[in-house]
Amino acid sequence: MEERQTHSERRSAGLHLELIPIDEALEKEMAQSRKAAVVDTTPYKWGEGDLPNNFRHYDQGQDFFVSVSKKAFLDAEHPAAVIDRVVERLELRDVYAEYSKEGNPPYHPKMMLKILFYAYYCGIMSCRTIWDQVVHRADFIYLAAGQVPNFRTINSFRLRHLDRLPGLFTQIVYLCGTLGLIGFEHLAIDGQKIEANASFRRSKNLKQVKKEYDKVKQGLQKLLEKEISEAFPQEKKLQRKERLEKQLAELASFQKELEQLDDEDARLNMTDRDAKVMRHKDGTSTPSYTHQSAVDDAYGVVTAVQTTCGNDGPEDLLPLVDESKKNSGKGHKAVTADCGFCDYPILEEVQTEREEEYYLPDRRYEADKKGCTKKGLYVPADFQELEEGGYRCPAKREMEYRGISTINKYQMHHYTGIGCDSCELKERCTEGKKRHLHINVYEPWRKKMREKLSSDEGREMYMKRQGTVEPVHGDDQKNKGWIQHHLRGLKKAKGEFLLIRIATNLGKIIKFRTCEMLAMGAG
């Protein structure tokens, strides 16, 4: 039997057959090729009189000085120059009151506000990034006048003056009014959800916390029973033990907080207690905050803001309108908001007690315009209201009045159908024996509002709402990249939103009133 060749033997045999014999002539050509391929890496130095052009002298090793001035660093109408002038006009007495005359001198609040406002205008919200800009960017260097506060100093300043931000926002809104950027004709109100700086997995109810506590406790018990070995030294065991004990203490403290809520289904986030899980337009559910803006339609100036831990609600509407009037010094003629800000009592209040003209659709407005429900059944709008009172069903039969009942905390007029068993429209009207119709006692106010919205003037006014307030949200999320909070807690979330809206209004001044602002003297 013939011996089998190994793989290496077969490979060597094949290589031997493919080799080309190298003679003296070939070796000489290869040497010349290698010599020609060598690249000289030493920099070429031109001799005197050999320069190919009249270049300026260039030497990176030479020391040089930079003059920090607006003329040298910035154009005359640069956005940084506008923000510089705005901050110079602000009344900062409340900010100055936070500082003592003793101790190490702090950075000037004017300088800190200028770089903070300008950073948010540029969409830079990280204090480390702001610090980097102060070191390297000419516009930031100009505003800081060559001083370099580090990221901890910038963050401390931001957190220290959260309570002063509403006053600064109000001053800038009033300045916008002085510059003619507020028209006082139409105020559009809307809210947006911004994700909190916390993970969804850290939002837990009491049952989940107890389950996780037991799991971590069992893990700690197993760890203590595990023997020390070369692969599992004592040092590693102590590190894991310390980490698990810390986790148990955190879960125990969190469990006590949940027990105080007296609701087993209530959720809190372990990272940010104030951030509630909310559903976004894309279908995702994350811990978030809702930020509401009241926007004037003339130039898009935001005249009032509000931050909440829940969805838009009717209770948020009038405080925003009142805050807008307070900040700008004058009320608006018309106010629009979406159905999230509407319920029955608010419809009566805005039509009887308020000076502004409101355009406020209810939650069923769009659905009732389409007619039947998904099951093909008639909706309340398909029933005819009689002048003498009462309702007539789609089959032209008058309905029986059964009095007032309470449904979902609302007082409702109760009507029932007559002769429903023999009605030819019964399949399209009800799946029960009789058709029941519940009409809210506030229905006249809803009907009046729907008539206003359906008019030519109402449709035109409400169409302006989306084009007024939505671009502001788009600028936040697309241009500035603000899709998640950098700070945690409701108070800090409010402050972060105020900085965003201050930057929004500064952007309006820069875009439409740069020359007028620069022509103003310091305040």
Phe232 six-ring face occupied by Lys226 cation (under 6.0 Å, within 45°):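 Judged by the rule (NZ or CZ under 6.0 Å from the ring centre, within 45° of its axis), Lys226 counts as positioned above Phe232.
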
Pairing donors with acceptors under 3.5 angstrom, does anything connect the side chains of [X] and [Y]?
| X | Y | result |
| --- | --- | --- |
| Arg279 | Thr284 | no |
| His280 | Ser288 | yes |
| Arg501 | Thr504 | yes |
| Asp297 | Thr468 | no |
| Tyr415 | Arg402 | no |
| Asn155 | Arg158 | yes |
| Tyr462 | Asp338 | no |
| Tyr174 | Asn327 | no |
| Arg267 | Ser203 | no |
| Glu496 | Trp482 | yes |
| Ser405 | Tyr410 | no |
| Gln221 | Glu225 | yes |
| His291 | Thr307 | yes |
| Glu98 | Tyr96 | no |

Within 6.0 angstrom of Glu245 CD, more than 12 heavy atoms from elsewhere: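 Yes - once you tally the heavy atoms of other residues, nucleotides and ligands closer than 6.0 Å, there are more than 12.
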
Atom CD of Glu457 with >12 non-hydrogen neighbours under 6.0 angstrom: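 It does not: Glu457 CD has 12 such atoms or fewer within range.
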
How close do [X] and [Y] get, counting heavy atoms only, and between which atoms?
| X | Y | result |
| --- | --- | --- |
| Lys236 | Ala231 | NZ-O, 4.0 Å |
| Trp131 | Ile154 | N-CD1, 4.0 Å |
| Ser199 | Asn269 | O-ND2, 2.9 Å |

Salt bridge (Lys or Arg N to Asp or Glu O under 4.0 Å) between Lys333 and Glu355, intermediate numbers included: CA-CA 8 Å; Lys333 294 180 181 179; Glu355 297 177 356; over 6 Å; no

Heavy-atom donor-acceptor pair, Asp296 side chain to Phe184 backbone, under 3.5 Å: yes

Heavy-atom side-chain proximity of Leu143 to Val87 below 4.5 angstrom: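 No, every pair of side-chain atoms sits at 4.5 Å or beyond.
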
Working for ring pair (Phe, Tyr, Trp, His ring centres under 6.0 Å), residues His161 and Tyr99: CA-CA 11 Å; His161 296 289; Tyr99 296 90; 5.6 Å; yes

Could you check whether [Y] and [X] have their ring centres less than 6.0 Å apart?
| X | Y | result |
| --- | --- | --- |
| Tyr299 | Phe512 | yes |
| His186 | His332 | no |
| His414 | Tyr401 | no |

Working for side chain to side chain donor-acceptor pair (under 3.5 Å), residues Gln192 and Gln292: CA-CA 6 Å; Gln192 63 174 330; Gln292 299 156 347; over 6 Å; no

